[in-house]
S.K.: 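What follows is a structure written as structure tokens; I'll ask about it next.
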Amino acid sequence: MFNASNETNWENGTSTPSGTSSTSLTPSHVLSLVILVLETIVGSFTNGLMVIVNLISLLTHRKLGSCDLILTCLGLSRFIYMWLVSYMFFISYLAPMFSGTGSTFYYVLLFFNYLSLWFAAWLSTFYCVRIVNIQRYIFTVFKTHFDDLLLFLILVSVVISACCSNSAAESGISQTFNMSRYGSEKNSFVEIGENFATFSILCAMGSIPPFALFCISAGLVVHSLVRHMKKMKAQERTGFREPALDAHYRAVKMMATFFMFFFLYMIAFNVYGSGNTTEDLQSCVVIFLIGAYPSLHSVLLVNGNHKLKNTCVRILQKANCYQKEVIETIRD
């Protein structure tokens, strides 16, 4: 997927960063790895927390709500994705001569990337169907049966993600759009596509549908919020007030942060894939943005969920107490 140097010779199965030897690390490489390690630790903790807490709840109560199910799938996909990205970067930086990441690895990486986007989109859809009230037959039916359809929707997401992350899809794009006319320059995403144009279409196929679903859900929630605010102002003139729109504001806040992280992530994703990160500082920023979406966004999701937040606080409190006990033991 990502190449540490952006100028790599893959014809002989090797990859040596431009201007460096196969074993030397530049300060920017070290900083990039430090950033990636920190984001991986944070992402592993938050995404792992979402998975473990909800699985324990499933084993205890023999059922799992729609929101918890989506969060579990989202946490699991992001957890795997974060570690795949970390492995790829460490191999690229520390052992560039090691051919441990073939084309299959990068297709798996794309699969979990697309899958996490779908689950985040379904989470936004969940907020939408729980908050928005629209008197339209299709929306009413979808809202009524959303819980029953959720497993099917998750399965469809898995199938679509798999279809958009394999060699057959790449070959079909190349033949359909005649990508050879754009030249044969390799992109930084190793062994995927003849050039960056092919890879961009492959990314768009997997990313645009869940993002479009998210935009529709966010638009409906914002429209509902504006409508309720107008209604509240009208009721204030007659002496009546409507309950506070906390659910609307929380949903809009969650969707706004998702849009921000997703937008920056896609820019960084494509910039690195195009091989335009020639400056060391620019490369560090891009790597930070790539890791921020699956890690820092999950922190906000945990903070916005009471069950996950309370569990996280208890874990941190116990860890703090254990740390104090260890320090006192060492002093004694």
Side-chain angles (χ1 to χ4, degrees), residues 1-8 15-21 24-47 77-96 101 106 109-110 112-114 116-117 120 185-190 192-193 195-197 199-200 202-204 206-208 210-211 214 254-301 303:
M1 182 177 169
F2 313 110
N3 187 327
S5 63
N6 296 320
E7 289 185 36
T8 314
S15 60
T16 304
S18 176
T20 62
S21 65
S24 62
L25 286 176
T26 65
S28 65
H29 289 168
V30 175
L31 179 59
S32 298
L33 290 178
V34 171
I35 292 173
L36 190 62
V37 167
L38 293 177
E39 289 180 330
T40 301
I41 293 174
V42 173
S44 298
F45 176 76
T46 53
N47 291 307
S77 62
R78 284 182 171 177
F79 182 90
I80 297 174
Y81 178 71
M82 282 294 300
W83 280 101
L84 289 175
V85 170
S86 299
Y87 169 79
M88 180 266 311
F89 268 114
F90 271 89
I91 291 298
S92 181
Y93 282 142
L94 302 179
T101 53
Y106 296 99
L109 197 65
L110 285 178
F112 283 104
N113 171 47
Y114 299 150
S116 65
L117 295 179
E185 181 181 355
K186 289 285 183 179
N187 56 74
S188 293
F189 296 78
V190 185
I192 297 182
N195 48 43
F196 184 65
F199 177 77
S200 296
L202 190 66
C203 288
S207 303
I208 290 180
F211 183 66
F214 159 77
M254 287 292 182
M255 291 180 174
T257 55
F258 171 77
F259 178 83
M260 179 188 69
F261 278 110
F262 177 83
F263 182 73
L264 294 176
Y265 167 77
M266 288 307 300
I267 291 178
F269 190 87
N270 286 279
V271 167
Y272 213 103
S274 65
N276 292 327
T277 54
T278 56
E279 299 180 5
D280 291 340
L281 180 60
Q282 182 184 7
S283 178
C284 292
V285 172
V286 167
I287 292 174
F288 169 77
L289 294 177
I290 290 172
Y293 167 71
S295 60
L296 300 185
H297 181 246
S298 295
V299 173
L300 298 179
L301 291 178
N303 186 62

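Treat the numbers as computed from the prediction; the structure is a model and nothing was measured. The chain is numbered in sequence order, starting from 1.
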S.K.: Kindly state each residue pair satisfying side-chain hydrogen bond (donor to acceptor under 3.5 Å, both in side chains) with at least one member in residues 30-43, sequence neighbours excluded.
M.R.: Thr40-Ser86
S.K.: Listed by chain and number, what are the side chain to side chain contact (heavy atoms under 4.5 Å, CB included) partners of Leu38, not counting sequence neighbours?
M.R.: Val34
S.K.: Taking C-beta and beyond as the side chain, do Met260 and His297 meet within less than 4.5 Å on heavy atoms?
M.R.: no
S.K.: What I'd like to find out is whether the side chain of Phe258 reaches to under 4.5 Å of the side chain of Phe263, using heavy atoms alone.
M.R.: no
S.K.: What distance separates Ile290 CD1 from Ile35 CD1, expressed to the nearest 0.5 Å?
M.R.: 11.5 Å
S.K.: Not counting sequence neighbours, which residues clear side chain to side chain contact (heavy atoms under 4.5 Å, CB included) with Leu300? List them please.
M.R.: Thr257, Phe261
S.K.: At their closest point, which heavy atom of Leu84 faces which heavy atom of Phe112, and how far apart are they?
M.R.: CD1-CD1, 3.9 Å
S.K.: If every non-hydrogen atom of Ala120 is compared with every non-hydrogen atom of Arg78, which pair is closest and at what distance?
M.R.: CB-NH2, 4.1 Å
S.K.: How long is the gap from CD1 on Ile287 to CG on Leu33, to the nearest 0.5 Å?
M.R.: 7.5 Å
S.K.: Would you indicate whether the side-chain heavy atoms of Phe262 and Leu117 approach each other to under 4.5 Å?
M.R.: yes
S.K.: Tyr293 vs Tyr265, test: ring-ring contact (aromatic ring centres under 6.0 Å, His included). Steps then yes/no.
M.R.: CA-CA 6 Å; Tyr293 167 71; Tyr265 167 77; 5.0 Å; yes
S.K.: Applying ring pair (Phe, Tyr, Trp, His ring centres under 6.0 Å), name anything that partners Phe45, two or more places apart in sequence or on another chain.
M.R.: none
S.K.: Side chains of Ile267 and Leu289: does their closest heavy-atom pair fall under 4.5 Å?
M.R.: no
S.K.: Kindly write out the residues that satisfy side chain to side chain contact (heavy atoms under 4.5 Å, CB included) with Phe79, not counting sequence neighbours, or none if the list is empty.
M.R.: Ser44, Asn47, Trp83
S.K.: Is Pro210 close to Tyr114 at the side-chain level, that is, under 4.5 Å between some pair of heavy atoms?
M.R.: no
S.K.: Looking at every heavy atom in both Ser298 and Thr46, which two are closest together, and how far apart are they?
M.R.: CB-OG1, 3.6 Å
S.K.: Let me confirm one number: the CG-OH distance from Leu110 to Tyr81, rounded to the nearest 0.5 Å.
M.R.: 8.0 Å
S.K.: Checking Phe288 now: which residues fulfil ring pair (Phe, Tyr, Trp, His ring centres under 6.0 Å) with it, not counting sequence neighbours?
M.R.: none
S.K.: Do Met82 and Val42 come close enough that some side-chain heavy atom pair is under 4.5 Å?
M.R.: no
